[in-house]
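Following: one structure in structure tokens, then a few remarks.
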Amino acid sequence: MFLLLPFDSLVVNLLGISITVLFTLLLVFIIVPAIFGVSFGIRKVYMKTLLKIFQWATLRIERGAKEKNHPLYKPYVNGIIAKDPTSLEEEIKEIRRSGSGKALDAPEFELSDIFYFCRKGIETIMDDEVTKRFSAEELESWNLLSRTNYNFQYISLRLTVLWGLGVLIRYCFLLPLRIALAFTGISLLVTGTTVVGYLPNGRCKDFLSKHVHLMCYRICVRALTAIITYHDRENRPRNGGICVANHTSPIDVIILASDGYYAMVGQIHGGLMGVIQRAMVKACPHVWFERSEVKDRHLVARRLTEHVQDKSKLPILIFPEGTCINNTSVMMFKKGSFEIGATVYPVAIKYDPQFGDAFWNSSKYGMVTYLLRMMTSWAIVCSVWYLPPMTRQPEEDAVQFANRVKSAIARQGGLVDLLW
């Protein structure tokens, strides 16, 4: 038996009380409201406070830049190459100034002028309409998330201290809190769907399955401090239909599933994801495919058709782009989900990158790194628009129908409609 000294006993008691108080606050102010779908408005107050801090930091940077004669960087386009809105004549003069002793206004052709046109040609090849959609955009205002903003240099002690304080808040307070919430949500999802899965098929099982999924997704949304505004909720997808949305991030799923009931479609995975999938399918008829089945278009189409023909089953959630785009545009939809003949419910999702960039650049970040970035951002703020249901016209083929749905989503979300 180990004997605790009075001081050690006090520390243990204080630690126990702190953990109890923290868990109680977590339960009362986050988990229980998430279960019942209510909000105390704390996140909106938090968002407004952040906006005021960002505005002050941006004004301080601009004022400090003027005092020290530092030019402010303003990106001309959202591309992988930073460009300034200068004219052809001005850029050629700059080349001549750095590499020639001739007069800058001389009309004669110089051999060094070739380099300008070669550079422009290479930039055009690299910075095409498709490539730039797979890189995060540079914000005009500083959101205190990193020191990589082009406008950030040492301006003042207060600004630097504010950035350091933000790091402490995000990593020492928000990150542990969010990990605890995510663990709670995933644990409840696996446990709840497993238990519901043992119930006999019927209305009771369907009711419990829907609400277990909804409750757990809402807790996971709280784990990201997601502030979501839903528009036109009377157009939410109904049973026997297909919900299609633009795709920016893996969290698109929980953003939509925290406001409605969906059947998921995807490939069977191993590890933790596999455990979650096996538990979910016990309670709800999600459509999971083996790796060998994914490339079989006819098999996939048949499984999806069988699902939507049963009007008692939940609408299928599909992201027909097939990859994550940086939320500035919508790329070509794959036609498979539009060949089935079911009613399509378009949904547009638009994120506000000022509080945290939700785009998943899978070529640059792994899933764990991406989730860490999400959980250490200030918040995930987005708007979701439910569009009126659309059906395939008699004269349309699947490609034309897909393009019509894509255009409607792009128009509603303020995104660029790409033909690629």
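What you see is a predicted model; the values in this text were computed from it and never measured. Atoms considered below: every heavy atom in the structure, side chains included; atoms not considered: hydrogens, waters and symmetry mates.
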Mind checking the [atom1]-[atom2] spacing from [X] to [Y]? Nearest 0.5 Å is all I need.
{"X": "N326", "Y": "N361", "atom1": "CG", "atom2": "CG", "result": "9.0 Å"}
{"X": "R43", "Y": "I380", "atom1": "CZ", "atom2": "CD1", "result": "12.5 Å"}
{"X": "L224", "Y": "L371", "atom1": "CG", "atom2": "CG", "result": "8.0 Å"}
{"X": "I186", "Y": "L181", "atom1": "CD1", "atom2": "CG", "result": "11.0 Å"}
{"X": "K205", "Y": "K210", "atom1": "NZ", "atom2": "NZ", "result": "13.5 Å"}
{"X": "M375", "Y": "L177", "atom1": "CE", "atom2": "CG", "result": "10.0 Å"}

What donor-acceptor contacts under 3.5 angstrom involve side-chain atoms of residues 28-35, with partners at least two apart or in another chain?
none

- Could you give all pairs that pass the ring pair (Phe, Tyr, Trp, His ring centres under 6.0 Å) test and reach residues 193-228, with sequence neighbours left out? F207-H211, H211-Y261, H213-H286

- Output, in order, the C-alpha distance, side-chain angles, deciding distance and verdict of side chain to side chain contact (heavy atoms under 4.5 Å, CB included) for V265 and L317. CA-CA 7 Å; V265 177; L317 177 58; over 6 Å; no

- Query: What's the verdict on side chain to side chain contact (heavy atoms under 4.5 Å, CB included) for I53 and L162, showing C-alpha distance, side-chain angles and the deciding distance?
  - Reply: CA-CA 9 Å; I53 295 174; L162 182 62; 3.8 Å; yes

- Item | Step-by-step side chain to side chain contact (heavy atoms under 4.5 Å, CB included) determination, L199 to L208 | CA-CA 10 Å; L199 298 177; L208 291 175; 3.6 Å; yes

Heavy-atom check, side chain of [X] versus side chain of [Y], under 4.5 Å:
{"X": "W288", "Y": "V281", "value": "yes"}
{"X": "L50", "Y": "M47", "value": "no"}
{"X": "Y351", "Y": "D252", "value": "yes"}
{"X": "D310", "Y": "V308", "value": "no"}
{"X": "I316", "Y": "H307", "value": "yes"}
{"X": "C243", "Y": "Y262", "value": "yes"}
{"X": "S258", "Y": "I228", "value": "yes"}
{"X": "S377", "Y": "D357", "value": "no"}

Taking [X] for the side chain and [Y] for the main chain, is one N or O donor matched with an acceptor at less than 3.5 Å?
{"X": "D397", "Y": "Q400", "result": "yes"}
{"X": "W360", "Y": "Y365", "result": "yes"}
{"X": "R170", "Y": "W378", "result": "no"}
{"X": "N246", "Y": "V330", "result": "no"}
{"X": "Q309", "Y": "L304", "result": "no"}

Looking at [X] and [Y], what are the two nearest heavy atoms and their distance?
{"X": "A283", "Y": "S209", "value": "O-OG, 3.0 Å"}
{"X": "P315", "Y": "N239", "value": "CD-OD1, 3.6 Å"}
{"X": "S329", "Y": "L415", "value": "CA-CB, 3.9 Å"}
{"X": "F333", "Y": "V405", "value": "CE2-CG1, 4.3 Å"}
{"X": "G413", "Y": "A348", "value": "N-CB, 4.0 Å"}
{"X": "A398", "Y": "E339", "value": "CB-CG, 3.4 Å"}

- Message: Enumerate the side chain to side chain donor-acceptor pair (under 3.5 Å) contacts for residues 175-192, please, sequence neighbours excluded, ordered by first and then second residue.
- Response: R178-T225

- Might you work through the side chain to side chain contact (heavy atoms under 4.5 Å, CB included) test for T376 and L174, ending with a clear yes or no? CA-CA 7 Å; T376 54; L174 292 179; over 6 Å; no

- Task: Go through the structure and list residues passing side chain to side chain donor-acceptor pair (under 3.5 Å) with T369, not counting sequence neighbours.
- Result: none

- Query: Y171: what forms a side chain to side chain donor-acceptor pair (under 3.5 Å) with it, not counting sequence neighbours?
  - Reply: none

- Which residues pass the ring pair (Phe, Tyr, Trp, His ring centres under 6.0 Å) test with H247, sequence neighbours left out?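 For H247, the residues satisfying ring pair (Phe, Tyr, Trp, His ring centres under 6.0 Å) (neighbours in sequence not counted) are F319.
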
- Please list, chain by chain and in numerical order, all residues satisfying ring pair (Phe, Tyr, Trp, His ring centres under 6.0 Å) with F401, sequence neighbours excluded.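 Per chain and number, F401 pairs via ring pair (Phe, Tyr, Trp, His ring centres under 6.0 Å) with F338.
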
Go through the structure and list residues passing salt bridge (charged side-chain N to carboxylate O under 4.0 Å, His left out) with [X], not counting sequence neighbours.
{"X": "R411", "answer": "none"}
{"X": "E321", "answer": "none"}
{"X": "D417", "answer": "K406"}
{"X": "D352", "answer": "none"}

Determine all donor-acceptor pairs shorter than 3.5 Å in which one atom belongs to a side chain in residues 381-395; sequence neighbours excluded.
{"residue": "Y386", "atom": "OH", "partner": "D259", "partner atom": "OD2", "Å": "2.7"}
{"residue": "R392", "atom": "NE", "partner": "E396", "partner atom": "O", "Å": "3.1"}

- Message: If the test is side chain to side chain contact (heavy atoms under 4.5 Å, CB included), which one of T194, V196, T193 qualifies with K282?
- Response: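 Of all the options given, the one that passes is T194.
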
Residue [X] excluded, over 12 heavy atoms near [atom1] under 6.0 Å:
{"X": "R236", "atom1": "CZ", "answer": "yes"}
{"X": "K335", "atom1": "NZ", "answer": "no"}
{"X": "R404", "atom1": "CZ", "answer": "yes"}
{"X": "M273", "atom1": "CE", "answer": "no"}

